[in-house]
Novice: 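Attaching a single structure in structure tokens format; questions to follow.
Whatever order the structure lists them in is the order used to number ligands and atoms, beginning at 1. Keep in mind that this is a model prediction, so the values were computed, not measured.
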Amino acid sequence: MRHRPLGSTGLTVSELGFGCASWWGKPQFGEREALGLVHAALDLGFTFFDTGASYSAGEAEPRLGRALMDRDLSRLVIATKAGTHHAGGGRIARDFSPAAIVASAERSVRNLGVEGLGLLQLHGPAIGELNDDLRAALADLKARGVIRALGVNSFDPAVIEHVIGLPDFDVVMVDYNVLRPEREPLIARAAAAGKGVLAGMALAMGHTRPLLSRLKGPQDVWYAARAFARHRDELARGARFRFLHRQPGVTGSQAALGYVLANPQVSCAVFGATRMAHLQENARASALDVSSRLMRQIREAQEAA
Ligand SMILES: NC(=O)c1ccc[n+]([C@@H]2O[C@H](COP(=O)([O-])OP(=O)(O)OC[C@H]3O[C@@H](n4cnc5c(N)ncnc54)[C@H](OP(=O)(O)O)[C@@H]3O)[C@@H](O)[C@H]2O)c1
């Protein structure tokens with residue numbers, strides 16, 4: 001597994017990160033299997049794990065804590081998120097008040113069983129919520145060692161643009177994958193400002209493959225329902241990228257991750273997986289170089305999309 005610097009934080013991370021969210025964190029997905037995936041990721045050299053206080057209705061973060069119990073955490077960067085929480089009945093509530101963010105960060109430390117958070121990311125804040133009071137509270141969390149690095153996860157380019165101009169934020173997480181080449185100028189500006197850049201949804205949630213061909217287990221039905229509810233645009237765009245899955249010597253997922261990793265301004269491509277074979281297959285993307293022929297094909301499909 002290759003590693004990259006996380007912007008100017010002084011931290012180094014595996015260039016592939018394991019996302020502990022969604023189906024992975026749900027009680028319907030067995031604890032033994034979920035923990036086994038994290039342990040396998042550790043064995044494969046992953047040092048970056050991404051979760052969030054609200055992920056999997058609040059179940060993902062403590063589950064990651066259980067997976068990391070008794071493991072050597074010294075080389076790991078454990079990232080979580082604050083500002084959203086599970087409000088019951090499948091609802092996610094937002095609260096970016098300083099008191100809520102501080103309480104969330106302190107709870108995350110306990111859930112994860114760490115001394116401090118490698119990275120705390122605000123989870124989808126509005127620009128107006130990044131006010132002086134909140135930034136002072138975040139600076140205090142850093143000074144107390146509760147958090148090492150500070151970031152924002154947003155899929156709103158205006159928010160990321162704003163954060164690029166704030167020196168106290170070290171990292172941005174954006175939705176970057178083959179379907180989102182329009183993020184590249186933003187990523188370039190973030191990297192030039194010294195921010196670490198995380199590509200969330202690095203596999204475009206699997207939407208480069210036809211939906212019906214993916215429906216094999218309960219997790220696939222769950223991902224399909226989420227796609228219909230929230231990601232129809234990705235479903236439609238993905239249809240132009242079926243060729244990724246017909247390449248010699250490389251699988252479609254490896255090609256998709258290889259595309260993200262070909263961007264040197266990305267610190268880490270974060271994906272989710274609930275199948276061991278997927279995790280193992282994806283880990284091999286770290287050693288792959290995307291051929292110039294495949295990169296040309298991807299660019300042509302992006303222009304047509
Ligand atoms: N989605 C969001 O809105 C969001 C927002 C902020 C941050 N993030 C971060 O980004 C991470 C990844 O997001 P995500 O899980 O939504 O999307 P993703 O990683 O782009 O896609 C996950 C989907 O890809 C499938 N997959 C993984 N490896 C595969 C392989 N080798 N072959 C075929 N299918 C494969 C998974 O299937 P299996 O489960 O069957 O392995 C799952 O259905 C999250 O865990 C989180 O840390 C996501």
Novice: What atoms in ligand 1 come closer than 4.0 Å to a heavy atom of Gly272?
Specialist: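 Those qualifying, in numeric order: 12 (C), 15 (O), 19 (O), 22 (C), 27 (C), 36 (C).
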Novice: For Arg226, is there an ion pair with Glu234 - N to carboxylate O distance below 4.0 angstrom?
Specialist: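 Salt bridge: no.
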Novice: For Phe271, counting its heavy atoms only, list the atoms of ligand 1 lying under 4.0 Å from any of them.
Specialist: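 Reading through ligand 1 atom by atom, the close ones are 12 (C), 19 (O).
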Novice: Please determine whether any non-hydrogen atom of Trp24 lies less than 4.0 Å from an atom of ligand 1.
Specialist: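 The answer is no, since Trp24 has no heavy atom less than 4.0 Å from ligand 1.
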Novice: Near Glu281, which atoms of ligand 1 are under 4.0 Å from a heavy atom of that residue?
Specialist: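 Counting from 1, the qualifying ligand atoms are 31 (N).
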Novice: Using a strict 4.0 Å cut-off to heavy atoms of Ala273, name the atoms of ligand 1 that fall inside it.
Specialist: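 Near Ala273, the atoms of ligand 1 are 39 (O), 41 (O).
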Novice: Do you know which of Thr208, Val270, Leu257, Val260 makes side-chain contact (heavy atoms from CB on, under 4.5 Å) with Leu203?
Specialist: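 Among the candidates, only Leu257 passes.
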Novice: Identify, by atom number and element, the atoms of ligand 1 in contact range of Gly19, meaning under 4.0 Å from any of its heavy atoms.
Specialist: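 Taking each heavy atom of Gly19 in turn, ligand 1 has 45 (O), 47 (O) under 4.0 Å.
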Novice: Does ligand 1 have any atom that is closer than 4.0 Å to a heavy atom of Trp23?
Specialist: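 No, that is not the case, since the closest heavy atom of the residue is not under 4.0 Å from the ligand.
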Novice: With atoms numbered from 1 as shown, which atoms in ligand 1 lie under 4.0 angstrom from a non-hydrogen atom of Asn282?
Specialist: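 Contacts of ligand 1 toward Asn282, numbered from 1: 27 (C), 28 (N), 29 (C), 30 (C), 31 (N).
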Novice: Which ligand 1 atoms are under 4.0 Å away from a heavy-atom of Arg209?
Specialist: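 Going through ligand 1 atom by atom, the ones under 4.0 Å from Arg209 are 33 (C), 34 (N).
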Novice: Check each heavy atom of Met173 against ligand 1 and say whether those closer than 4.0 Å belong to the side chain, the backbone, both or neither.
Specialist: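 Just the side chain.
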Novice: Check whether any side-chain N or O of Trp24 sits under 3.5 Å from a backbone N or O of Ala273 as a donor-acceptor pair, and report yes or no.
Specialist: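 Looks like no, no N/O pair under 3.5 Å.
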Novice: Using a 4.0 Å heavy-atom cut-off, say whether Asn177 meets ligand 1 through its side chain, its backbone, both or neither.
Specialist: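 Looking at Asn177 and ligand 1, no heavy atom falls under 4.0 Å.
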Novice: Looking only at protein heavy atoms, which one is nearest to atom 16 (O) of ligand 1, and what is the separation?
Specialist: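 The protein heavy atom lying closest is Arg226 NH2, 2.7 Å.
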Novice: How far is atom 37 (O) of ligand 1 from the closest protein heavy atom, and which atom is that?
Specialist: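 Result: His278 ND1, 3.7 Å.
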Novice: Got a sec: does the CD of Gln28 have more than 12 other heavy atoms crowding it under 6.0 Å?
Specialist: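 Enclosed: over 12 neighbouring heavy atoms sit under 6.0 Å from CD of Gln28.
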Novice: May I ask whether Phe18 has any heavy atom positioned less than 4.0 angstrom from an atom of ligand 1?
Specialist: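 It does not, in that no heavy atom of Phe18 comes within the 4.0 Å cut-off of ligand 1.
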Novice: Taking 4.0 angstrom as the limit and counting only heavy atoms of Ala204, give me the atoms of ligand 1 inside it, by number and element.
Specialist: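 Contacts of ligand 1 toward Ala204, numbered from 1: 20 (O).
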Novice: Strictly by modelled atom types, are Arg237 and His231 linked by a side-chain donor-acceptor pair under 3.5 Å?
Specialist: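 Short answer, no.
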Novice: May I have the step-by-step check of side chain to side chain donor-acceptor pair (under 3.5 Å) for Asp95 and Ser97, ending in yes or no?
Specialist: CA-CA 6 Å; Asp95 189 348; Ser97 65; 2.8 Å; yes
Novice: Compute the shortest N/O to N/O distance between Ser253 and ligand 1 and return yes if it is under 3.5 Å, no if not.
Specialist: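 It does: an N or O of Ser253 is found under 3.5 Å from an N or O of ligand 1.
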